[in-house]
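Whatever order the structure lists them in is the order used to number ligands and atoms, beginning at 1.
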Amino acid sequence: MAEQLNIELRTDLKGRDFIGLVDYSPEDIQYLIDLAVELKRKTKAGEPYQPLKGKTLGMIFEKSSTRTRVSFEVGMYQLGGHALFLSRNDLQIGRGEPIMDTAQVMSRYLDGIMIRTFAHRTVIDLARGSTVPVINGLSDLSHPCQALADYQTIFEHKGSLKGLKIAYIGDGNNMAHSLMIGAAKLGMTIAVATPEGYGPDKEVLAASQEAAQQNGGACIVTHDAREAVEQADVVYTDVWASMGFEAEQKEREKAFHAFRVNEELTKYAKPDYLFMHCLPAHRGEEVSEGVIDGKNSIIFDQAENRLHAQKAIMAAIM
Ligand code: CP
Ligand code: NVA
């Protein structure tokens, strides 16, 4: 009885990779959110749900992580399986073994592979060479696990997603990309405000605008933070220099100074707006202390939902 879910489990996602929200339909994304909400309820009720007994997830990390590593490892354990932490420095890929060979070898041992890396191409190649599902745990292009957890979090706080406005302020980076495509698929409006020269990827923007059109949403890019935040239900920001861009920190601080999320800016959002940040954050840089630690901030709900959203992904595809 404890193994039963209050939601009908779909079997058609089994074997799929989770590389980007772009590959998933609006119905699939809403299903993963609903499943995450249900798995969260079950965990909090102390009801075990272990469909992945005897299965192992390999987690390749080429960049640092707190949330992704811990939430995948704990999530796999809660689902009855086991997770292996594999640092690039200790793997032969660190010494030049081709990713295609690594993919084939790992597929002989593992039931799923999560990878956090630099070039998005590495995720694609790993998936192409693997016979087991591959999950993108962040690349320079996207961070779909975070975006799924974020939309679950907004859904829990607001009760629905369609028609809401999310303002993303700052760097047109991996986080911006996954939020854009997710919002577009879910029929939301997303307004992305970046300094000139730091806008989102053109292909991601085109795909987001097309998806927005199909699903009754909108995807707007501007260089005016105030315009983006105007009447927003959600205000989201991320670091100015992502992992791999540390050398640009100083020049970015100059370029981004008008894109700090502070009390001055958030007064243009709706009074009950939600403040979100994928974390780790730099207080006093991309966001003021008053905003990130204020009453509208839901950053730790987001962080918690990484666990539940990724359990939903793993339960569905593995
Ligand atoms: N938000 C996020 O992915 O956090 P980590 O870098 O700590 O995994
Ligand atoms: N944009 C950030 C997200 C970290 C979770 C980075 O890539 O470093």
- Message: Going by ring pair (Phe, Tyr, Trp, His ring centres under 6.0 Å), name the pairs with one or both residues in residues 56-114, residues two or more places apart or in two chains.
- Response: Phe61-Phe85
- Item | Lys44 and Glu304 ion-paired at < 4.0 Å | yes
- Item | Within-cut-off N or O pair, His143 and ligand 2, under 3.5 Å | no
- Using distance alone, decide if ligand 2 has a nitrogen or oxygen within less than 3.5 Å of any nitrogen or oxygen in Asn174. yes
- Got an N/O contact under 3.5 Å between Asp238 and ligand 2? yes
Just list the side-chain donor-acceptor pairs under 3.5 Å for residues 97-106, sequence neighbours left out, or say none.
residue: Thr102; atom: OG1; partner: Pro98; partner atom: O; Å: 3.0

- Item | Protein heavy-atom partner closest to atom 8 (O) of ligand 2 - residue, atom, separation in Å | Met243 N, 2.8 Å
- Does the pair Glu253/Lys250 count as a salt bridge with the N-to-O cut at 4.0 Å? yes
- Message: Do the side chains of Asp140 and Lys63 get close enough for a salt bridge, i.e. N-O under 4.0 angstrom?
- Response: yes
- In terms of hydrophobic clustering (I, L, V, M, F, W, Y; side-chain heavy atoms under 4.5 Å; direct or indirect links), are Val123 and Met314 co-clustered? no
- Message: Out of all atoms in ligand 2, which are within 4.0 Å of some heavy atom of Leu279? Include the element for each.
- Response: 5 (C)
- Protein neighbours of ligand 1 with a heavy atom under 4.0 Å, given by chain and number, are Ser65, Thr66, Arg67, Thr68, Arg116, His143, Gln146, Cys278, Leu279, Arg306
- Task: Give the residue and atom name of whichever protein heavy atom lies nearest to atom 4 (C) of ligand 2, and the separation in Å to one decimal.
- Result: Leu138 CD1, 3.9 Å
- Message: Before you tell me yes or no, could you show the steps for Tyr151 and Asn305 under side chain to side chain donor-acceptor pair (under 3.5 Å), namely the whole-Å CA-CA distance, both residues' side-chain angles and the distance that decides it to 0.1 Å?
- Response: CA-CA 10 Å; Tyr151 287 119; Asn305 282 342; over 6 Å; no
Do any side-chain atoms of residues 185-199 form donor-acceptor pairs under 3.5 angstrom with protein atoms, and if so which ones, sequence neighbours left out?
residue: Lys185; atom: NZ; partner: Val22; partner atom: O; Å: 2.9
residue: Lys185; atom: NZ; partner: Tyr24; partner atom: O; Å: 2.8

